Amino acid sequence: MAQGKILLPAGTFWTRIKQQTEHTLATNALVSIPTESEFIEQNGVCFLVRIVSSLARKDELKQKQEKQNNSSAKDFNPFLPYEQDLFVADISDTHVCILNKYNVAKYHLLLITRAFEEQESLLTLADFAAMWACMAEFDGLAFYNSGKIAGASQRHKHLQLVPLPLTPTAGLQLPIAPLLKFAQFHNSIATLPGFDFVHAFAPLNSLWQKSPFTAAQVTLEYYHSLLKAVGLKEKQSKAYNLLVTREWMLLVPRSQECFASIPVNSLGFAGTFFVRNEQQMQTLKQHGPMNVLKNVAVPIN
């Protein structure tokens with residue numbers, strides 16, 4: 001397969017993100033969801049939990065948009081075409097970056113394929129090249145929810161990116177950061193103590209400093225090694241969450257979408273939860289965030 005082309009001009013991305021965010025807020029194209037937050041500590045991880053009381057409003061707005069755009073709501077694709085007001089930049093000849101219309105975190109980005117691909121399909125060299133083109137411009141967390149069980153809300157293939165740190169008041173890039181220094185390696189692949197479920201972890205050794213396609217080739221190899229390590233075949237696969245920073249990547253197979261009505265996507269395995277109300281917050285406190293992750297992941301045999 002011929003190598004694609006990166007279209008994103010170096011040094012322009014972060015400015016463009018901020019400018020477009022201001023524009024979308026001014027025109028009400030962006031539906032920013034207010035949250036309240038609280039920390040819950042378990043097993044050495046201080047989980048950030050956001051109460052998103054207005055998620056019902058988000059659901060209502062999404063359903064209204066789907067009905068307006070397509071009589072068959074289940075087949076509605078908000079990315080073909082995407083809203084022009086949400087457009088941030090052309091990343092490559094295969095990928096475009098847009099703002100997440102219903103964001104609960106500032107500067108939440110979606111990296112979407114120009115042509116339709118299924119969200120459950122395997123990530124490719126082009127996906128990782130577009131990701132690295134973006135992450136060379138700012139320090140962030142990229143994540144991929146492979147399929148509905150893993151937390152995906154749209155069928156059209158998309159990676160998501162959020163700036164780091166996720167928890168600026170905690171002094172950590174990510175809540176799970178304390179676990180990373182104790183990674184237990186078996187050759188080049190590791191597991192994290194405290195994650196008592198099937199997962200695989202790999203360091204990336206500052207790949208972001210290389211050219212996007214060079215970094216993507218190494219990342220793709222690690223990705224397939226992670227899939228193999230957790231027992232997923234290298235084809236259109238079962239549900240899993242993938243998290244990637246400039247320094248590491250983590251893959252977690254999924255067994256169910258929710259625990260006690262609390263939805264979990266990739267951000268849960270970074271140490272961040274979103275709950276709809278105080279009742280769900282109490283459920284999370286009662287069972288413990290790490291136990292919730294264990295229940296939606298795949299048990300270790």
Side-chain angles (χ1 to χ4, degrees), residues 31 33-43 45-63 66 73-74 76 78 100-105 108 110 118-120 141 143-160 162 166 174-176 192 194-199 230-232 236-243 250-300:
V31 182
I33 310 295
T35 65
E36 299 174 5
S37 60
E38 190 173 331
F39 289 97
I40 302 176
E41 187 170 356
Q42 185 183 12
N43 296 4
V45 176
C46 199
F47 289 88
L48 172 65
V49 185
R50 299 180 188 270
I51 303 178
V52 193
S53 56
S54 56
L55 270 182
R57 175 170 173 261
K58 169 185 171 180
D59 293 342
E60 181 183 338
L61 288 167
K62 286 181 73 175
Q63 290 170 7
E66 289 171 357
K74 67 177 182 178
F76 170 63
N100 183 0
K101 183 176 182 69
Y102 304 100
N103 70 325
V104 293
H108 186 165
L110 303 179
E118 289 284 356
Q119 180 69 3
E120 294 181 356
L141 169 70
F143 59 96
Y144 186 61
N145 303 321
S146 177
K148 186 175 184 295
I149 290 176
S153 60
Q154 300 294 342
R155 283 181 54 196
H156 187 126
K157 191 188 219 183
H158 62 287
L159 284 152
Q160 301 185 56
V162 290
L166 280 186
L174 291 163
I176 65 164
L192 301 177
F195 273 15
D196 190 19
F197 43 81
V198 175
H199 69 283
V230 300
L232 296 179
Q236 184 159 320
S237 196
K238 294 182 179 179
Y240 62 89
N241 294 117
L242 179 72
L243 295 83
L250 169 70
L251 193 145
V252 184
R254 292 291 297 273
S255 60
Q256 59 188 53
E257 183 180 356
C258 302
F259 174 81
S261 79
I262 299 171
V264 180
N265 66 11
S266 293
L267 290 175
F269 297 97
T272 300
F273 283 86
F274 298 92
V275 296
R276 292 173 179 267
N277 48 47
E278 187 60 34
Q279 181 180 355
Q280 287 189 347
M281 176 68 85
Q282 292 307 314
T283 298
L284 195 57
K285 289 180 178 179
Q286 177 186 350
H287 292 276
M290 198 68 80
N291 294 328
V292 170
L293 293 181
K294 183 177 178 180
N295 275 276
V296 300
V298 173
I300 297 172

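Since this is a predicted model, take the numbers as computed values, not measurements. In this chain, residues are counted from 1 in sequence order. Quick note: numbers below take in every heavy atom, side chains included, and nothing from hydrogens, waters or symmetry partners.
- The minimum heavy-atom distance linking Cys258 with Pro263 is given by the pair SG-CA, 3.7 Å.
- By the side-chain contact (heavy atoms from CB on, under 4.5 Å) test, Ala152 is found to be paired with Gln119, Asn145, residues two or more places apart in sequence or in another chain being considered.
- Put simply, the side chain of Tyr240 reaches to within 4.5 Å of the side chain of Tyr144, judged on heavy atoms.
- Taking OG of Ser153 as the start and NZ of Lys148 as the end, the distance is 10.0 Å to the nearest 0.5 Å.
- Judged as a side-chain contact (heavy atoms from CB on, under 4.5 Å), and not counting sequence neighbours, the contacts of Lys285 are Glu38, Ile40, Met281, Gln282.
- Other residues, nucleotides and ligands contribute at most 12 non-hydrogen atoms within 6.0 Å of the CD atom of Gln279.
- The two residues Pro175 and Val45 make their nearest non-hydrogen contact at O-CG1, 3.5 Å.
- With contacts defined as side-chain heavy-atom distances shorter than 4.5 Å, the pair Arg155/Glu118 qualifies.
- Atoms CD1 and SG, from Ile176 and Cys46 in turn, are 13.5 Å apart once rounded to the nearest 0.5 Å.
- The minimum heavy-atom distance linking Ala150 with Ala239 is given by the pair N-CB, 4.0 Å.
- Residues passing the side-chain contact (heavy atoms from CB on, under 4.5 Å) test with Gln280 are Ser261, Ile262, Val275, Arg276, Asn277, sequence neighbours excluded.
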Show me the donor-acceptor pairs, under 3.5 Å and distance only, between side chains in residues 289-297 and residues at least two apart or in other chains.
| from | atom 1 | to | atom 2 | distance (Å) |
| --- | --- | --- | --- | --- |
| Asn291 | ND2 | His287 | O | 2.5 |
| Lys294 | NZ | Asp196 | OD2 | 3.1 |
| Asn295 | ND2 | Asn291 | O | 2.7 |

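- Counting heavy atoms from C-beta on, the side chains of Glu257 and Val264 never come closer than 4.5 Å.
- Proximity of Leu166 to Leu267: side-chain heavy atoms (C-beta onward) are separated by under 4.5 Å at one or more points.
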Start with the C-alpha distance between His108 and Asn103, add both sets of side-chain angles, then the distance that settles side chain to side chain donor-acceptor pair (under 3.5 Å), and finish with yes or no.
CA-CA 6 Å; His108 186 165; Asn103 70 325; over 6 Å; no
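- Within the 4.5 Å cutoff, side-chain heavy atoms of Phe273 are placed close to those of Phe47.
- Looking only at distances, a side-chain donor or acceptor of His199 sits under 3.5 Å from a matching main-chain atom of Leu192.
- Contact check for Phe39 versus Leu48: side-chain heavy atoms found under the 4.5 Å cut-off.
- Side-chain contact between Leu159 and Phe143 is absent, with no heavy atoms from C-beta onward closer than 4.5 Å.
- In this structure, Leu243 CG and Leu251 CG are separated by 9.0 Å, a value rounded to the nearest 0.5 Å.
- Residues passing the side-chain contact (heavy atoms from CB on, under 4.5 Å) test with Val298 are Val198, Pro253, Ser255, sequence neighbours excluded.
- Residues Arg254 and Asn241 are in side-chain contact: their nearest non-hydrogen atoms beyond the backbone lie under 4.5 Å apart.
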Assess the residue pair Leu284 and Val49 against the criterion (side-chain contact (heavy atoms from CB on, under 4.5 Å)); give the C-alpha distance rounded to whole Å, side-chain angles, the decisive distance to 0.1 Å, and a yes or no.
CA-CA 9 Å; Leu284 195 57; Val49 185; 3.6 Å; yes
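- Residue pairs meeting the salt bridge (charged side-chain N to carboxylate O under 4.0 Å, His left out) criterion with at least one member in residues 261-274, sequence neighbours excluded, do not occur.
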